[in-house]
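Worksheet: the structure to be examined is printed underneath.
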There are 2 protein chains.
Amino acid sequence: MSAVKEEGTEHRILEAAQRVFTRKGMAGARMQEVADEAGINKALLHYYFRDKQRLFEGVFKGGAEKQFGCIWDSLKGREHLFEAIEAFVAAYIDRMVENPQLPLFIANELNRDPEGLRAFIDRGMESRQLFLKLVADARERGEIIDIDPRELLVNIMAMCAHPFIARPMITHIHGITDEAFRRMIIKRRKTVPEFIIRSIRA
Amino acid sequence: MSAVKEEGTEHRILEAAQRVFTRKGMAGARMQEVADEAGINKALLHYYFRDKQRLFEGVFKGGAEKQFGCIWDSLKGREHLFEAIEAFVAAYIDRMVENPQLPLFIANELNRDPEGLRAFIDRGMESRQLFLKLVADARERGEIIDIDPRELLVNIMAMCAHPFIARPMITHIHGITDEAFRRMIIKRRKTVPEFIIRSIRA
DNA sequence: GTCTATATGTAGATAGAC
DNA sequence: GTCTATCTACATATAGAC
């Protein structure tokens, strides 16, 4: 029983911490709130994760890093640019739907400590190379116009991530409910790749 | 001299506070840091702005709200969609260049307290209406394809704001310097409207 | 492994001299 | 208007019982 319980508690802590950290950010998060949400007390938090920084890293390694990793992985093995874009956008949006606070959380922590999360970013390097190659190939075949591939990647990620980052602004200014927002996001799995490909097709 | 000095100090405080708040967010910002950066001490901060919350509001009213306001204003008086998009993107990027931390700051505070900043968002309502009308007109004239105008607006804002929000990620993953980043942003004043218009042109 | 109680540090805010 | 010194509150972290 003890082994099971240990895993169970640690897991509950990590899930609670992920929620609190992504809601409030590193600075705004309270250990007490994490403890409450995990159904334990503060002391036990420190028992499992010596201090706040290590708890944060525990969340990041297990959660955010893995989620973003599998977005990049969606590019692996693709041979055609358009197909790669569709897969990437779908993977990106699906992960964000699972954890809508993630993009803002990442943006904040990357801004707070750019060096600390270098390993996280580096995970995407290989896929970035593949993406650049797919763009170059498509360009050579005359399928797309001449465009800076780095800018293209920025645009793609912008259209995937931004709705989640600016969600309160979007729902308010367009006067839509959370449910309507969700439907809009689902639609974007299709409309975003279309939007991008229309723009770059030769 | 005293009147001048009062204005001078209050102004220096607001500028310092804007920098610290946008760097660290509301929760992460320290009154001490604001005081240091303004070249005064904490007590004087509280003399000018009773507490942290009011200091925050002082910064927001005078700075962020005004800056975003003039982005929306760039749409006023436009009669053609493409021209409006070009003006909007240029205004958006120019304001962000002046204050690169602003988008992340806004995103955070909107997320923290959606109701509190309602007035801020509402400032854009009028221009939003105009934008929707310009899209409808262009659609009627058969100049653009059939697209959800709200999604279009989301895409435009995404491409303007996201580079600033994800800046550490972009510079690191593409291995570019801050100077190269700046050049990329300047280029985007032109390339983003082109990208968008290519995508929606009938 | 989990709790209660407590120590320690720090940030926001005030008092009061000049 | 500006400062030094101080109070208070709260968050992180630890000690120690069970």
Side-chain angles (χ1 to χ4, degrees), chain A residues 1-62 101 105 108-109 111-113 116, chain B residues 1-63 105 108-109 111-113 116:
Chain A
M1 155 191 155
S2 96
V4 175
K5 235 189 161 184
E6 280 164 36
E7 269 190 32
T9 302
E10 180 163 345
H11 192 242
R12 283 215 321 283
I13 291 175
L14 283 170
E15 288 205 319
Q18 161 130 332
R19 281 194 299 274
V20 176
F21 276 128
T22 51
R23 264 205 311 269
K24 306 287 179 71
M26 173 66 169
R30 294 289 163 255
M31 296 296 269
Q32 183 63 57
E33 198 177 345
V34 175
D36 290 346
E37 202 144 322
I40 56 165
N41 60 44
K42 282 188 295 177
L44 204 55
L45 269 187
H46 289 279
Y47 173 80
Y48 279 94
F49 303 87
R50 195 163 219 25
D51 53 36
K52 197 181 179 183
Q53 181 61 31
R54 278 172 239 233
L55 175 56
F56 172 78
E57 281 158 17
V59 169
F60 198 79
K61 296 266 180 266
Q101 307 273 11
F105 174 72
N108 277 318
E109 300 314 325
N111 211 262
R112 199 175 60 89
D113 178 18
Chain B
M1 156 189 153
S2 96
V4 176
K5 235 188 159 183
E6 280 164 34
E7 269 190 33
T9 302
E10 180 162 345
H11 192 242
R12 284 216 319 284
I13 292 175
L14 283 170
E15 288 204 319
Q18 161 130 334
R19 281 195 298 274
V20 175
F21 277 129
T22 51
R23 263 205 313 268
K24 306 286 178 69
M26 173 65 169
R30 295 287 162 257
M31 296 296 268
Q32 184 64 57
E33 197 178 346
V34 175
D36 291 346
E37 200 146 333
I40 55 164
N41 61 45
K42 279 191 298 176
L44 204 55
L45 268 188
H46 289 279
Y47 172 79
Y48 279 94
F49 302 87
R50 197 163 227 0
D51 53 35
K52 198 181 180 185
Q53 181 62 31
R54 277 171 239 234
L55 176 56
F56 172 78
E57 280 158 17
V59 169
F60 198 77
K61 295 267 179 263
F105 173 72
N108 276 318
E109 300 315 324
N111 212 262
R112 199 174 61 88
D113 178 18

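Within every chain, numbering begins at 1; the chains are lettered A, B, ... in the order of the sequence lines, protein sequences first and strands thereafter.
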### Query
How would nucleotides 3-18 of chain C be written as a contact map, 5' to 3', with B for base contact, S for sugar-phosphate-only contact and - for no contact, using protein heavy atoms under 4.0 Å?
BB------SBBBB---
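For B:Arg112 and B:Phe60, the positive end is not near the middle of the six-membered ring at less than 6.0 Å and at most 45° from its axis.
Counting heavy atoms from C-beta on, the side chains of B:Leu14 and B:Tyr48 never come closer than 4.5 Å.
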### Task
Go through the steps for B:Glu33 and B:Asp36 under the test side chain to side chain contact (heavy atoms under 4.5 Å, CB included), then give the verdict.
CA-CA 5 Å; B:Glu33 197 178 346; B:Asp36 291 346; 5.5 Å; no
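Looking only at distances, a side-chain donor or acceptor of B:Asn41 sits under 3.5 Å from a matching main-chain atom of B:Leu44. Without hydrogens or angle criteria, B:Lys52 side chain to B:Ala29 main chain gives a donor-acceptor distance under 3.5 Å.
At C:dT2, one or more side-chain N or O atoms of A:Thr9 fall inside 4.0 Å of OP1 or OP2 (strictly under the cut-off).
Salt-bridge check for A:Glu37 with A:Arg12: failed, with every basic side-chain N at 4.0 Å or more from each acidic carboxylate O.
Checked against side-chain contact (heavy atoms from CB on, under 4.5 Å), B:Leu45 has the following partners two or more places apart in sequence or in another chain: B:Ile13, B:Met31, B:Val34, B:Ala35, B:Ile40, B:Leu55.
The separation between B:Glu10 atom CD and D:dT2 atom P is 11 Å, rounded to whole Å.
Of the residues in residues 15-25 of chain B, none lies under 4.0 Å from DNA chain D by heavy-atom distance.
Ring-plane geometry between B:Phe105 and B:Phe21 is classed as tilted, the angle between the planes lying from 30 to 60 degrees on a 0 to 90 degree scale.
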